[in-house]
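For reference, the structure is listed below as structure tokens.
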Amino acid sequence: MKDNQFFKKVYQVVLQIPIGKVTTYGAIAKFLGSPQSSRMVGWALNKLNCIDIPAHRVVNRQGLLTGKYHFGSTSLMQQLLENEGLLIKDNQVQFLKNVFWDPNKELN
DNA sequence: ACGGTGACCACTT
DNA sequence: TAAGTGGCCACCG
């Protein structure tokens, strides 16, 4: 698969997210070199919804858990995040700015 | 083979 | 200030 690189990078980035931190689809997309292809990131995670990838640490720009319905249980994603010390309210990560982890800044 | 769709984001009315 | 629309690229029916 030629898009393996895209997947791989998403995979790598998500795996590098520290505990208690989250990133956004847009940030990852930008890191991949296609700032406009944030949809692909979500799509990639959808296909890579393996347990090996902590996709629960990836949220949208507003911090909303938009992909929670793809985790099987809507509460699972929230539980996982809360378990990492994050505060979730109304399907949204509180203090997102505080726990935001930017791959472009942290990874290079 | 083709069109619709998607875990989104940013710019333009 | 809020709502609408375009763009991105791969998968599924």
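Letters A, B, ... are given to chains in the order of the sequence lines, protein chains preceding strands, and every chain is numbered from 1.
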Exercise for the section: Using atom NZ of A:K9 as one end and atom C1' of C:dC9 as the other, report the distance to the nearest whole Å. Expected result: 15 Å
Handout entry: Gap between atoms CZ and C1', on A:F7 and B:dA7 respectively (whole Å)
Key = 13 Å
Practice task
Flag yes if more than 12 heavy atoms outside A:D52 fall under 6.0 Å of its CG atom; otherwise flag no.
Solution key: yes
Practice task
Find the distance A:L45:CG to C:dC8:P and express it as a whole number of Å.
Solution key: 21 Å
Exercise for the section: Would you jot down, in residue-number order, the residues of residues 57-87 of chain A having a non-hydrogen atom under 4.0 Å from DNA chain B? Expected result: A:N60, A:R61, A:T66, A:G67, A:H70, A:F71
Practice task
Scan A:A29 against the nucleic acid and name what it touches under 4.0 Å (heavy atoms): base, sugar-phosphate only, or nothing.
Solution key: nothing
Exercise for the section: Taking all non-hydrogen atoms of both residues into account, name the closest pair between A:A44 and A:V10 and its distance. Expected result: CB-CG2, 4.4 Å
Practice task
Round to the nearest Å and state the distance from A:R39 atom CZ to C:dC9 atom P.
Solution key: 12 Å
Practice task
Measure the distance from CD on A:Q36 to C1' on C:dT5 and round it to the nearest whole Å.
Solution key: 13 Å
Problem - Backbone of A:N60 reached by a side-chain donor or acceptor of A:Q62 within 3.5 Å - result: no
Practice task
Indicate whether the side chain of A:Q79 and that of A:H56 have a donor and an acceptor atom separated by less than 3.5 Å.
Solution key: no
Exercise for the section: Find the distance between CD (A:E106) and CZ (A:F100) and round it off to the nearest 0.5 Å. Expected result: 9.5 Å
Practice task
Would you please confirm or rule out a distance under 4.0 Å between OP1 or OP2 of C:dC12 and any side-chain N or O of A:K47?
Solution key: yes
Problem - Any N/O donor-acceptor pair, A:S38 side-chain to B:dC8 base, under 3.5 Å - result: yes
Handout entry: Donor-acceptor contact present, side-chain A:D102 to main-chain A:N104, <3.5 Å
Key = yes
Completion exercise
In whole angstroms, the gap separating P of C:dC8 from CG of A:N46 amounts to 22 Å
Problem - Value in whole Å for how far the C1' atom of B:dA7 lies from CZ of A:F6 - result: 12 Å
Fill in the blank from the handout: Of the listed C:dC8, B:dA7, B:dG6, the closest approach to the A:M40 side chain comes from B:dG6
Please output the side-chain donor-acceptor pairs of residues 12-39 of chain A that fall under 3.5 Å, not counting sequence neighbours, one pair per line with the distance.
unit_1, atom_1, unit_2, atom_2, d
A:T23, OG1, A:W101, O, 3.0
A:T24, OG1, A:A27, N, 3.1
A:Y25, OH, A:V58, O, 3.4

Problem - Between C:dA10 (P) and A:Y25 (OH): distance, integer Å - result: 19 Å
Problem - Nearest-angstrom distance, C1' atom, C:dA3 to B:dA7 - result: 23 Å
